[in-house]
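Some notes on the structure that comes next.
Remember, it's a predicted structure, so these values are computed and weren't measured experimentally.
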Amino acid sequence: MTTAETFVYYPQYCFHLSPTINKWCPLRAADIPGLESKPGFEDIGVLFCLNHPIKWVRITGVVVAIDDYYGHRVYTVDDSTGKCIECTLTVPTVTSDKTRHVNNSGNNDTSTGAHIAPAKIATLAHTADTNATNGPLKIPPPADIDVGTVLDVKGTVKLFRGQRQITIWKLTRVLSTNQEVLFWDKIRDLRRDVLSKPWVLKDREVRRCRKLQQAEADESGSKKRKKTAGGLARDSSEGRRSSAEGKSAPGVGSRSKNSLGTTLAKAAKVQHTTRAGSSRSAGDGGKYDALGL
């Protein structure tokens, strides 16, 4: 029998070849605690079943408890596999007046467990699909989900106080037993075709992935160096331009000083001429005044 020590845990640059990494993996609630965490992969939120990397999980079950806390709601889901799993939904901490008005004026009442219209179910599913591309689902607590509701939950696995939980990214109601049976078939197929045997890559595939990763790293480093060199070149050219402008400034100043000196000399000459003319005029005027003219 294959033991855990014989598994090869491939580097992250090989994950795109995995049949489980980029898909919602249908699992049982009892499978979630058995997923293993390996050193070096904690920061990317990847767990392992055998050596299959799993990031996105999907479960279906009936809600047996609902707990509200500040900023999030916890649905405890039981899928009849002997384990329950807590699924956390982030909710807005401050409800707007519009949302409050919609919740109060709607036909749904969580206290009475009233049934929600099919149009509301479609809206909830659409909201989940829209938010799943951006991050965990963050909506006001759906009023149509109560104890006894069967849910299809998609999300990521996190550890909270030593217990595995699912952070909800997509949330929909299961409206019929037929949908639930189809989900059980998907669990069976995944376990039989993928999870029952280790993930194995050939050496040449690993080498090719390593080369691609190294090429991408070199390209990224080259772009970064070019960007840095371009910034240094711009700074250098601006420094030379400033230096050239500084060198040309004294010439401009000397020309301005020469021009000012010439203007002052001309003004002094004009003033001297005017004074001389005034003196002559004053002398002539005295002579003619004495003659009575």
Listed pairs under 3.5 Å, donor-acceptor, residues 189-198 side chains, sequence neighbours left out:
from	atom 1	to	atom 2	distance (Å)
Asp189	OD1	Arg192	NH2	3.1
Arg191	NH1	Asp31	OD1	3.3
Arg191	NH1	Asp31	OD2	3.4
Ser196	OG	Arg191	O	3.3
Ser196	OG	Arg192	O	2.9
Lys197	NZ	Asp193	O	2.8

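- Closest approach of Arg173 and Asp144 over heavy atoms only: CD-OD2, 2.9 Å.
- Contact detail for Trp24 and Val57: the closest heavy-atom pair is CE3-O, 3.6 Å.
- Qualifying side chain to side chain contact (heavy atoms under 4.5 Å, CB included) partners for Pro33, counting only residues two or more places apart in sequence or in other chains: none.
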Would you mind writing out the side-chain donor-acceptor pairs for residues 58-67 within the sub-3.5 Å range, not counting sequence neighbours?
from	atom 1	to	atom 2	distance (Å)
Arg58	NE	Asp152	OD1	3.0
Arg58	NE	Asp152	OD2	3.2
Arg58	NH2	Asp152	OD2	2.7

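- Both Leu35 and Ile85 are assigned to one and the same hydrophobic cluster, defined by single-linkage of ILVMFWY side chains at heavy-atom distances under 4.5 Å.
- In this structure, Glu205 places its CD atom where more than 12 heavy-atom neighbours from other residues, nucleotides or ligands lie under 6.0 Å away.
- When side chains are defined from C-beta on, Leu212 does not count as touching Tyr13, because their heavy atoms never get closer than 4.5 Å.
- Between the CD1 atom of Ile168 and the OH atom of Tyr75 there is a distance of 6.5 Å, given to the nearest 0.5 Å.
- With Asp78 contributing its side chain and Cys84 its backbone, the two residues share no donor-acceptor pair below 3.5 Å.
- When every heavy atom of Trp56 is checked against every heavy atom of Ile21, the shortest pair comes out as CD1-O, 3.3 Å.
- One hydrophobic cluster holds both Val200 and Phe48 under the rule that ILVMFWY side chains link at heavy-atom gaps under 4.5 Å.
- Proximity of Val157 to Ile32: side-chain heavy atoms (C-beta onward) are separated by under 4.5 Å at one or more points.
- One N or O on the side chain of Glu42 and one on the backbone of Gly40 form a donor-acceptor pair closer than 3.5 Å.
- Alongside Phe160, the hydrophobic cluster contains no other residue (criterion: ILVMFWY side chains under 4.5 Å).
- Partners of Gln12 by side chain to side chain contact (heavy atoms under 4.5 Å, CB included), not counting sequence neighbours, listed by chain and number: Phe15, Ile44.
- Counting heavy atoms from C-beta on, the side chains of Ile54 and Val46 never come closer than 4.5 Å.
- By the 4.5 Å heavy-atom criterion applied to side chains, Thr149 and Leu151 are counted as neighbours.
- Cluster annotation: Leu171 is not connected to Val74 through the hydrophobic network of ILVMFWY side chains, with a link wherever side-chain heavy atoms come within less than 4.5 Å.
- Every side chain to side chain contact (heavy atoms under 4.5 Å, CB included) that Leu159 has, sequence neighbours left out, goes to Arg164.
- Between atom CZ of residue Arg73 and atom OG1 of residue Thr90 there is a gap of 12.5 Å, rounded to the nearest 0.5 Å.
- Leu89 and Val150 are members of different hydrophobic clusters when ILVMFWY side chains are connected at heavy-atom separations under 4.5 Å.
- The structure places NZ of Lys158 at 5.0 Å from CD of Gln165, a figure rounded to the nearest 0.5 Å.
- Under the side-chain hydrogen bond (donor to acceptor under 3.5 Å, both in side chains) criterion, Thr20 pairs with Ser18, not counting sequence neighbours.
- Under the 4.5 Å side-chain criterion, counting only non-hydrogen atoms from C-beta, Glu86 is not in contact with Ile166.
- Remark: His52 NE2 to Tyr9 OH distance equals 10.5 Å, nearest 0.5 Å.
- Atoms CD and SG, from Glu36 and Cys49 in turn, are 8.5 Å apart once rounded to the nearest 0.5 Å.
- With sequence neighbours left out, the salt bridge (Lys or Arg N to Asp or Glu O under 4.0 Å) criterion links Asp185 to Arg188.
- For the side chain to side chain contact (heavy atoms under 4.5 Å, CB included) test, no residue two or more places apart in sequence or in another chain qualifies with Ala217.
- Using modelled atom types, one finds a donor on one side chain and an acceptor on the other under 3.5 Å when comparing Asp79 with Thr81.
- Trp199 and Val8 fall within the same hydrophobic cluster, where Ile, Leu, Val, Met, Phe, Trp and Tyr residues are linked whenever their side-chain heavy atoms come under 4.5 Å apart, directly or through other members.
- Residue Phe7 comes nearest to Leu50 through the heavy atom pair CZ-CD2, 3.4 Å, listed as atom of the first residue, atom of the second, then distance.
- Annotation for Trp184: hydrophobic cluster partners, listed by chain and number, are Val181, Phe183, Ile187 (ILVMFWY side-chain heavy atoms under 4.5 Å, direct or chained).
- The stretch residues 206-221 participates, sequence neighbours left out, in these salt bridge (charged side-chain N to carboxylate O under 4.0 Å, His left out) pairs: Glu219-Lys223.
- Every residue was checked against the side-chain hydrogen bond (donor to acceptor under 3.5 Å, both in side chains) condition with Glu180, not counting sequence neighbours, and none meets it.
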